[in-house]
Amino acid sequence: MQSGKDSVAPSNVPLLDVGRGNAPIRERFLQRIAEIYDQGCFIGGPDCKELERLVAEACGVEYAIGCASGSDALLLALMAFDIGHGDEVIVPSFTFFATASAVARLGARPVFVDIDPVSFNINPELIHKHITPRTRAIIPVHLFGQCADMNAINEIAQRYGLVVIEDAAQAIGAQHAAQPACSMSDVGCLSFYPTKNLGGCGDGGMVTARDADVADRLRKLANHGMHPRYHHSLIGINSRLDTFQAAMLAIKMEFVEQYADARRANAARYQSRLGASKMAEWLELPSESEGNHHVWNQFTIRVKGGLRDRVREDMRQAGVGSEVYYPIPLHLQECFQYLGVRHGSLPQTEKAAAEVLSLPIFPELTAAELDRAIDVLESTLARMSQTAAA
Ligand SMILES: *Cc1c(COP(=O)(O)O)cnc(C)c1O
């Protein structure tokens, strides 16, 4: 719905505006910060416990354990299963770096699998041929806020006795076959980086578990493997969620569904307008796979005809923000060249990296801003397609 204020076309449309999302809870947050400041308990404490309870409930899991970041969540998940030297872990290449770096940091080998071109998520049909006697785990990523095909992935994992770790950093609140993200695997990993669907005022993360022993290991590992105090049964790390972040996030948990609904409404408007656009033939729109509940951390289109970078630059000049997530697949990153995965070996991943463009979709984006983003995209494409055809 367009309010009077919204109907004035804005000249600049940001890709993200974290401040706008945080503004409505400013007073509540600052008051809680002041209380914590005066109490002087800055690590753990009741705010962390409360957030863990809220996230566990929302994700339909028994256990949730705060940690320092989504990247650490992935590291802790692998550590909980003693994954390291000599082990292989199946991951997509079309994802954020941390999915694979956690594997490599532990001395294990990331084994990259290509994606489904429609969902952008790991293609379960391609997993089989990458499984070896050394394969220990699969890390499906729920990219852009949509769950990977977890039923198919879990079937494979069961057959080969593999651990499954969900990278749900972009997907809190998403569902697959009515099951929430993080509830469909051994360990779920969440990030509270400020631009994620549940974002803090700094770094933060969480691991979820359905098994008590795994949860116990995760909690120990995140605190130097220590329990009780100064008794170390495991070699853990320091990865704790700080109290300020937990307090902020616990307040925001009240709104996490509302945020996702606003993103879904923005996605629906993009779909209907771009779907009917005269320029539709130059675009491929993202979609919600059957049985999924997509929470749209990103609205990621494909721009065809090799026009993506020019379109992006043109939109930037017109004041409309966009971003390429991700321009270089992980198997082509310099630091992963030792794995020997050559150019051309993951064709769908490489094609996506060349075509994708993420448009503004944050919950507080106004209808006028969204319309302006679409107008600018359309006029840019109209101009470029003419020169491309000429
Ligand atoms: C953001 C993100 C991470 C890492 O989370 P941080 O909290 O930034 O460490 C991991 N995987 C994916 C897919 C992400 O988007």
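Each ligand, and each atom within it, is numbered from 1 in the order the structure gives.
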TODO: Go through S93 and T349 one step at a time and tell me if the side chain to side chain donor-acceptor pair (under 3.5 Å) criterion holds.
DONE: CA-CA 7 Å; S93 170; T349 294; 5.1 Å; no

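- When the heavy-atom distances from atom 13 (C) of ligand 1 to T195, L143, D167 are ranked, the shortest goes to D167.
- Note that CD of E166 and CD1 of I139 are 11.5 Å apart. Values are rounded to the nearest 0.5 Å.
- When each atom of ligand 1 is checked for a heavy atom of S69 under 4.0 Å away, the hits are 7 (O), 9 (O).
- For ligand 1, the atoms sitting less than 4.0 Å from at least one non-hydrogen atom of T95 are 13 (C), numbered in the order shown with element in parentheses.
- Checked against a 3.5 angstrom limit, the closest N/O atoms of Q170 and ligand 1 fall inside it.
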Open item on the list: Assess the residue pair F336 and F97 against the criterion (ring pair (Phe, Tyr, Trp, His ring centres under 6.0 Å)); give the C-alpha distance rounded to whole Å, side-chain angles, the decisive distance to 0.1 Å, and a yes or no.
Closed with: CA-CA 10 Å; F336 287 133; F97 181 65; 5.7 Å; yes

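- Under a 4.0 Å heavy-atom criterion, K196 is in contact with ligand 1.
- Numbered from 1 in the order shown, with element, the atoms of ligand 1 that lie under 4.0 Å from a heavy atom of V141 read 13 (C).
- Contacts with ligand 1 closer than 4.0 Å are made by side-chain heavy atoms of A169 only, the backbone lying farther away.
- Salt bridge annotation for E378-R273: present, with a cationic side-chain nitrogen under 4.0 angstrom from a carboxylate oxygen.
- Closest to atom 9 (O) of ligand 1 among all protein heavy atoms lies S71 OG, 2.5 Å.
- Between V324 and V356, some side-chain heavy-atom pair lies under the 4.5 Å cut-off.
- Environment of NE2 in H224: crowded, with over 12 heavy atoms of neighbouring residues, nucleotides or ligands closer than 6.0 Å.
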